[in-house]
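Everything numeric here is computed off the predicted structure, so don't read it as measured data.
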Amino acid sequence: MSSVLPLAPSAPARAVVAPALLWKQADEDVYVATVDDEFAGYIAVSDSGYALHSAHAEPLGVYRSRRDAQDALRVHLAPAAASRPRTAAGRRRRSRARTHA
């Protein structure tokens, strides 16, 4: 005799949350960001604006305000859209599109 187990509900999609950055002024013209006590990047202030750099000193752009540069680092550090979990409905749509194409 076979028994049929009820289907477990699928796990809800996780919200993508930007990391909590902590900013400190390291010098008159340098601001340093950390996430969980790990170096995350920095802003160097110059005549051209607020130059944002990653934790590996990769230039990420020059912004009009410190707030804009801080927001840009938050976006840069957020999980990529490609790594977001797909919903069951999204998987079904993709499957149907491949089947009918």
Side-chain angles (χ1 to χ4, degrees):
M1 173 185 219
S2 67
S3 62
V4 177
L5 297 176
L7 294 175
S10 60
R14 292 179 293 154
V16 176
V17 178
L21 291 171
L22 178 62
W23 287 93
K24 292 186 179 180
Q25 188 167 5
D27 202 350
E28 184 176 309
D29 58 352
V30 177
Y31 296 85
V32 176
T34 58
V35 175
D36 297 329
D37 293 327
E38 293 290 326
F39 178 63
Y42 67 97
I43 298 170
V45 183
S46 70
D47 292 336
S48 59
Y50 295 81
L52 176 63
H53 296 83
S54 72
H56 301 289
E58 171 191 9
L60 299 176
V62 178
Y63 298 87
R64 289 185 196 184
S65 71
R66 187 179 61 171
R67 171 66 71 189
D68 288 345
Q70 290 172 331
D71 290 343
L73 184 61
R74 183 178 281 88
V75 169
H76 175 76
L77 295 174
S83 68
R84 292 180 185 159
R86 292 191 220 165
T87 63
R91 284 192 298 274
R92 281 194 302 272
R93 278 193 301 271
R94 285 181 190 85
S95 295
R96 275 185 274 166
R98 279 194 301 258
T99 303
H100 292 96

### Joint hydrophobic cluster, Tyr50 plus Leu21, side-chain heavy atoms closer than 4.5 Å
yes
### Query
Considering residues at least two apart in sequence or located in another chain, which fulfil the side chain to side chain contact (heavy atoms under 4.5 Å, CB included) criterion with Arg67?
Ser65, Gln70, Asp71
### Message
Could you walk me through whether Tyr63 and Leu52 satisfy the side-chain contact (heavy atoms from CB on, under 4.5 Å) test, starting with their C-alpha distance in whole Å, then the side-chain angles of each, then the deciding distance to 0.1 Å, before giving a yes or no?
### Response
CA-CA 8 Å; Tyr63 298 87; Leu52 176 63; 3.9 Å; yes
Report, one line per pair, each donor and acceptor closer than 3.5 Å where one atom sits in a side chain of residues 28-47; sequence neighbours left out.
{"from": "Tyr31", "atom 1": "OH", "to": "Arg66", "atom 2": "NH1", "distance (Å)": "3.4"}
{"from": "Ser46", "atom 1": "OG", "to": "Ser48", "atom 2": "N", "distance (Å)": "3.3"}
{"from": "Ser46", "atom 1": "OG", "to": "Ser48", "atom 2": "OG", "distance (Å)": "2.9"}

### Query
Of the non-hydrogen atoms in Ser54 and His76, which two are nearest, and what is the gap between them?
CB-NE2, 4.3 Å
